[in-house]
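See below for the structure under consideration.
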Amino acid sequence: MHNKSVAELSRDLESGKVSSVELTREFLDRIKQEDGKYNSFITVTEEQALAEARAADEQRAAGNATIWTGVPFAHKDIFCTNGVRTTCGSKMLENFIPPYDATVTDNFRKAGAVSLGKTNMDEFAMGSSNESSHFGAVTNPWGLSKGEKRVPGGSSGGSAAAVAARLVPAATATDTGGSIRQPAALCGVTGLKPTYGRVSRYGMIAFASSLDQGGTMARTAEDNALMLNVMAGFDPKDSTSLDREVPDYTATLNEPLKGLRIGLPKEYFSDQLSPAMEEQIRSAVKEYEKLGATVKEVSLPNARLAIAAYYVIAPAEASANLSRFDGVRYGYRCEDPKDLMDLYTRTRAEGFGTEVKRRILVGTYALSAGYFDAYYLKAQKVRRLIQQDFINAFKDVDVLMSPTSPSPAFIQGEKTNDPVTMYLEDIFTIAVNLAGVPAMSVPAGFIDGLPVGLQIIGDYFSEARLLNAAHQFQQVTDWHQREPQ
Amino acid sequence: MQWDIVIGLEIHVQLATKTKIFSGSSTAYGAEPNTQANAVDLAMPGTLPVPNEQAFRYAVMFGLAVNSEIERRSVFERKNYFYPDLPKGYQTTQLERPIVGPGYVDIDLSNGESKRIRIHHAHLEEDAGKSLHEDFHGMTGVDLNRAGTPLIEVVTEPDMTNAEEAVAFAKKLHSLVTSLGICDGDMSQGSMRFDVNISLKPKGSDTLGTRTETKNLNSFRFMEQAIAHEVERQMDILEDGGVIEQETRLYNGDRDESRSMRTKEEANDYRYFPCPDLLPVEIDESFIDDARSRLPELPDARKARFKDQYGLNDYDAGLLSGDATLAAFFEEAVAHGKDAKLTANWIQGEFSARLNAEEKSVADSPITGAQLGNMVTRISDNTISSAGAKKVFDALWTGENDNVDAIIDAKGLKQVSDTGALEQMVDEVLAGMPDQVAQFQAEEDPKKRKKMLGGFMGPLMKVSKGQGNPKLFNEILLKKLGG
Amino acid sequence: MTISRKDIEKVAVLARIRVDEEQVSALEKDLGNILDLVDQLSAADTDSVEPMAHPLNAVQRLRADEVTETDQRASFQAIAPATENGLYLVPRVIE
């Protein structure tokens, strides 16, 4: 059962082959037995899940089922869940139980899906290895058989590891600079970061508001489409959410790819790319050619500046977004503050981890008097140049393809002492967030037994086309079906 | 040394919207602490702002009323600082692209001249909550009901040169926003708060001195006192050869003291940047036209009309037209009372005195304009005397009875104006006071005669049980005594 | 671009994060490295480029002025560190 996709499980529920309660028990048991190895969950909500499963079975019996009714899944612990602890991977929110739902959470509730719990993540989504979580690092299911403890990527590393380890068929995730795509690549699963504004950010704890976007993670493109059908849409509670029609993302999965124009950004295939990675990506692109796509080289001349622009803009926004964690209304508060300044500085020094503090300080610095123009304003201008690169590229091609990450999953601890090296993990993914366009990571091969992801980038609101391209690829390859031993 | 005083004002005007600027929480005043602070107002994780259309409408109405250019595209920014009454750790405000651009207001001065005060801009922003410093075991309590209440902050050019001008401007602005209906104007509840920027420069100099900002003055009187206080403080320092530090000061009106608000740790650096949770707001022509169509008659126009329509003098017209509620009260009264001058006198006299004594606003008045007007009618048609009217007013005010004529009847205040009956009473009284009559007739000094005439009025009133028309009594007396 | 200890201490106060001596040294190195990375920006020619605050060229939607919220003080204060009489408590604020 646990190897089945959301689509398959939904059919089994519909045919009566299995009940939601049985399914939920099976996945809960797997989490109990297996997750000690991965630490992919921060919170498992067994009782609530079983109650939701019983309700789902009744719904189905009453003939009111949706595709999702009774299907187990999990939420990244960044989405607020009414009555269920929501930590964002931080000591600051270790005991935070929100009395409200994120819009994404609410949408899955309404669809009847059964949430099994909250997945681990880098603290406040700041990280590319899931090592900055207050609740411990997540271990990638790949490589464990060789006794290696590798990172799952981040920040949605818990979601990626849980899906890869078959602890859930699907999980929500978020992506600010690659936090869906890079862990999806490193764990051999399929993930989608939608267009900025496609999925409501309400109740999704903010890291960098103009870059954050909720998205999907599952093993198949089809399941990603099923998830996006639930998640996408206008939300009056989010001013940056767009009032734009939501297509049925499954409807176009089977469109033929003949004539699809693929662009390969030459900047992403430089001589710094490892030959092994390049070989995997080029052979994936060959599959697309076999499916009738055409390929040409394109240029994103400002892409090399993306990391620099991102590490100004994201920390700047974060520095303000995280000011609300002050020990006054909720969350961690230091013991016996002697005065107000002590309350603030100690609460925040003790409640935030090293990487979060580092980014808040960088962001504060970039916005401070005397540096604003050189850093923040300059980064915003470079951001426009990067966006213009994508707009230009999409005049000639339908999608762009590249590696998702420069290398497969690395060993835990390898990069923790050097933030800049860690930041370079997102060298291929960050420009996408700055521009706000959608992108996916699709399993596309292995290097030394470790999965490799193909990044597919689309024009604004072209999620249906991306899912179609990924789905067709998955009809002729089985990388996404490989199971870690 | 002689000094020129340079004053600029920043005025926070709470907008009278039903809900907050970025959430659907009520802004009603006086609720239990934190019962009107929802997830957005409390800056709960993941919550997001959605701006209130009415706040923009009110800001545009204000802009039109002060002759400002309305900015078609305005942008919200974050102003970052930590304070317990600021839940997000930043205030969402406008800096580079405020909704209301440069404009002006004309003020009337006591010397009869008027002066133009330029407005630099006005921007929309959110109010903070309140810190309550009464003792909670040495802790401060924070109430966030007010957090997120929409404000416009009006920033003037440094065009005022003394406290009179500053107060005149403040009063004019108060009158404008209440007339527009965009603010309830209740200063005791903090609906309007004034920050005063003051600097001194040697008389005639072109170079501005260092300014201080005195914050959060919430009455015209305190504002006047605070300006006097600060001017004196700066003058003392400068004349002793000292330098003025640029700083924010807090004025205590009860003690007429001020002190610096600076704290050691804080070199303020607000790190403004565009709020990424909000998009630029575009205001189109139809929105502006709609706002324009909602503009009521403004004080300047109303004053002109009061002079024209009711024949009031400049002083009365100015006083009655400034406050929209008072103006409406006056017009309702005149509609029932006919005599505008007499109505104006009653409003500025007894009515204002009673409101002040009981610290009530016009809106809280227990008597209506119509009642006052009906009372004035009864004065005009000689049914009651001024003294009787005062009794009627009392009865209306205390709610003893709400009908003027019923009060007159019940209290027997109707004047006797039947000359035959009055003459009889005069004869009767004069017959009983032969000495006084003789003295009167012997007196030549008109002033003394007038005073002596008053001596007959007491007994006449007694005889008429207070109901004789004093005017007629006077006439008859003079006739009978050969005045 | 290097960042001085003094800068770090100033920024830490602005951000209300206590840092001790040892941390300042580590931050000096880490933030210095990050700023080196960020300094690549200075090479870009952005003379006639409008800053981009937002990925989408959309304008703000405005909400009707209607009360949609009810009192939920009890549930919000159930998760608060310190409250009394409906107020959030903080160490004495001196204005």
Side-chain angles (χ1 to χ4, degrees), chain A residues 78-80 86 88 92-93 96 98-103 105 124 197 200-206 208-212 235-241 313 316-317 319-326 328-331 340-341 343-345 348 363-372 376-377 380, chain B residues 21-24 34 37-52 76-92 95-96 129 131 133 138-144 147 263-281:
Chain A
I78 197 169
F79 290 101
C80 286
T86 302
C88 220
M92 190 62 90
L93 294 176
F96 176 67
Y100 54 95
D101 266 333
T103 298
T105 317
F124 285 103
S200 168
R201 293 187 299 113
Y202 189 86
M204 185 179 110
I205 299 174
S209 310
S210 78
L211 300 160
D212 294 344
D235 180 6
K237 290 195 277 193
D238 175 1
S239 292
T240 61
S241 139
I313 292 169
E317 292 185 8
S319 73
N321 281 334
L322 271 63
S323 292
R324 65 188 58 196
F325 303 104
D326 59 5
V328 176
R329 298 164 312 285
Y330 50 78
L340 188 62
M341 195 64 170
L343 167 72
Y344 284 148
T345 59
R348 292 164 61 78
T364 304
Y365 185 67
L367 290 173
S368 63
Y371 301 102
F372 181 84
Y376 185 76
L377 214 57
Q380 280 203 328
Chain B
I21 186 166
F22 297 122
S23 87
N34 291 307
N38 79 341
V40 175
D41 312 322
L42 294 172
M44 285 284 158
T47 59
L48 295 169
V50 184
N52 183 341
F76 282 110
E77 309 217 16
R78 293 180 178 179
K79 177 185 182 181
N80 294 286
Y81 66 95
F82 285 85
Y83 207 73
D85 64 13
L86 188 72
K88 294 190 292 289
Y90 56 82
Q91 181 192 29
T92 308
L95 179 73
E96 300 282 340
S131 299
H133 303 294
M139 308 279 272
T140 287
V142 181
D143 175 9
L144 296 170
T263 58
K264 246 187 298 185
E265 301 90 342
E266 232 167 334
N268 275 339
D269 183 346
Y270 291 125
R271 292 159 282 134
Y272 284 94
F273 74 105
C275 179
D277 285 329
L278 293 162
L279 302 171
V281 177

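Per chain, numbering begins at 1; letters A, B, ... match sequence-line order.
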Where do [X] and [Y] come nearest, in terms of heavy atoms and distance?
| X | Y | answer |
| --- | --- | --- |
| B:P276 | A:R201 | O-NH2, 4.1 Å |
| A:F325 | B:P45 | CE2-CG, 3.8 Å |
| A:L367 | B:R271 | O-CG, 3.4 Å |
| A:R329 | B:P87 | NH2-O, 2.8 Å |
| B:D277 | A:N321 | OD2-OD1, 4.4 Å |

Answer with side chain, backbone, both or neither: which region of [X] has an atom nearer than 4.5 Å to a non-hydrogen atom of chain B?
| X | answer |
| --- | --- |
| A:T86 | neither |
| A:A316 | backbone |
| A:F79 | neither |
| A:L340 | side chain |

Mark yes or no for whether [X], through its side chain, and [Y], through its backbone, hold a donor-acceptor pair below 3.5 Å.
| X | Y | value |
| --- | --- | --- |
| A:R324 | B:M44 | yes |
| A:S239 | B:P49 | yes |
| B:N80 | A:A320 | no |

[atom1]-[atom2] distance between [X] and [Y], expressed to the nearest 0.5 angstrom:
| X | Y | atom1 | atom2 | answer |
| --- | --- | --- | --- | --- |
| B:L48 | A:S209 | CG | OG | 7.0 Å |
| B:K88 | A:D326 | NZ | CG | 12.0 Å |
| A:F372 | B:F273 | CZ | CZ | 8.5 Å |
| A:R348 | B:F82 | CZ | CZ | 3.5 Å |

(request) Under the side-chain contact (heavy atoms from CB on, under 4.5 Å) rule, what do A:Y100 and B:T47 come out as? Steps first, then yes or no, please. (result) CA-CA 10 Å; A:Y100 54 95; B:T47 59; 4.3 Å; yes
(message) With a 4.5 angstrom heavy-atom cut-off, is it the side chain or the backbone of B:A43 that approaches chain A, or both, or neither?
(response) both
(request) In sequence, state the C-alpha distance, the side-chain angles, and the governing distance for A:Y202 and B:V40, and then conclude on side-chain contact (heavy atoms from CB on, under 4.5 Å). (result) CA-CA 10 Å; A:Y202 189 86; B:V40 175; 4.2 Å; yes
(request) Considering only heavy atoms and a distance below 4.5 Å, find which of A:L377, A:T240, A:V328 pairs most often with chain B. (result) A:T240
(message) Only pairs of heavy atoms separated by less than 4.5 Å count here; which of B:G46, B:P84, B:P51 has the most with chain A?
(response) B:G46
